[in-house]
Amino acid sequence: MMAKGLFNRFEDVWMLDGVRTPQVDYMGALADANPIDMGIKVARSVLARTGIAPEDVDTVIAGNMAPGGFDQFYVPRHIGLYAGVPTEVPAQMAQRICGTGFELFRQAGEQISSGAAELALVVGTESMTRNPIAAFDHRQGFRLGAPLGFKDYMWEALTDCAAGINMIQTAENLAQRYDIRREDVDAFAALSFERAVTAQEGGWLAGEIVPVSTETFELSGYKPRHLRLSGKATVADKDTHPRPTPVEVLAKLRTVFAQGVQTGGNSSALTDGAGAALVASGAYAKRWSQAPLGRVAAAAVVGVPPEIMGIGPAPAIRLLLERAGLTLADIARFEINEAQGAQTLAVQRELGLDVNRLNVHGGAIALGHPLAATGVRLTLTVARQLKAIGARWGIASACVGGGQGIALLIENPQGEGLGSAA
């Protein structure tokens, strides 16, 4: 019986290029930045970087999870308009929690493959800092003596109310199933930090980052929008969470749960950021004057039990490879979101992945996980790696709260086998 799940094969869908903001720590320089304005910044930047006219864009697909302002309803539309995309071009919001950034590429691939569009602007943007303190119980007023219902939106959203379990507990469940010890998780986290620091110091990360400064975005006939940096910051030009973090430092941190393995140091960091890419048909890519960054070859999405949601990338990757006619041995680079250290290790053990091909420039433990932006970053990163090492195939993937997994297959047609990845 064929495995359940969604699978898309894309024959002629191309990522022309992509950029992202730096991912900045919670309450840092991007604390006052509305997700729409971060999205406008990366949208304008990828158009400028490619030299592609905004008038060429046929569809805008944007993702954002938590409201970063009262204008969240307008995220995709305002990003498109203030990026210069023609008024007639439609915009839509896509959401698949931690898999949102990947879903943007999947939906762009569907629209392009069907002939509905030739060029899609995809943007994932997220402010973890600006998650609101919210109440849903007081529309009819405040009753005498009744408790107030204001709660931390982000903190509450980390619990899957169907299973009655929060995201850290799902990682702890996987740690028990796969016999993952605290020492294993800390060692993996230390490696993530080490790789991210090396990538930052060597200039690798800078190759996909657009610096952000306080800026005004004008749109003729409409109110200007303002991207403001927080505090005394004048520019945000690099990821702020990577730092030398040896195992000895991580081992001193207290676990979230007694006898557990997850700590604040070996889980994904809270960061704010945005990423954008241009996805095009083969016909459009041929008319463009530059070589595309890579081909979006296929996508797969599966469901898994909510209480072990973090294992999602494993069956998603299996389905992706099975339907694409490839094996794990064909894949030179894997980028799997590090939601929690134990979660990523469980996926690595379930699939038998070579850690030398996994998150080689660091992952979300070191770089952070701005929800809707993460998938854009990982897809951009894996495509850049294939080019750099001359390899053909790469996979970007993530688990999804509620119990899902999503994965994208990226091809570098000029690559051969594993390139210099072996």
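Here Met65 contributes atom CE and Ser127 contributes atom OG; the two are 13.5 Å apart, rounded to the nearest 0.5 Å. Within the model, atoms OG of Ser230 and CE of Met27 stand 7.0 Å from one another, a figure rounded to the nearest 0.5 Å. Here CZ of Phe7 is found 6.0 Å from CG of Leu320. Values are rounded to the nearest 0.5 Å. Atom CZ in Arg20 sits 6.0 Å away from atom CG in Leu205 (nearest 0.5 Å). Note that CZ of Arg333 is 12.5 Å distant from CZ of Arg384, once rounded to the nearest 0.5 Å.
Listed for the Gln95 side chain is a donor-acceptor partner under 3.5 Å among the backbone atoms of Ile97. Under a 3.5 Å cut-off, the side chain of Trp393 and the backbone N or O of Gly415 do not form any donor-acceptor pair. Of the possible donor and acceptor atoms, one in the side chain of Thr245 sits under 3.5 Å from a partner among the backbone N and O of Arg243.
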>> Run Gln107 and Gln92 through side chain to side chain donor-acceptor pair (under 3.5 Å) and show every step you take.
In response: CA-CA 10 Å; Gln107 294 201 21; Gln92 72 177 89; 2.7 Å; yes
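Taking the six-membered ring for Trp and the full ring otherwise, the centers of His241 and Phe193 sit less than 6.0 Å from each other.
Aromatic ring pairs are classed by plane angle as parallel below 30°, tilted from 30° to 60° and perpendicular above 60°; the pair His361 and Trp204 is parallel. In this pair, Tyr74 and His78 present their aromatic rings parallel. The plane angle is below 30°, not in the 30 to 60° band.
For the salt bridge (Lys or Arg N to Asp or Glu O under 4.0 Å) with Asp37, the qualifying choice from Arg228, Arg44, Arg225 is Arg225, the only one to do so.
Between the side chains of Gln340 and Asn266, no donor-acceptor pair is found at a separation under 3.5 Å.
Between Asp184 and Arg349 a salt bridge is recorded (basic side-chain N to carboxylate O distance below 4.0 Å).
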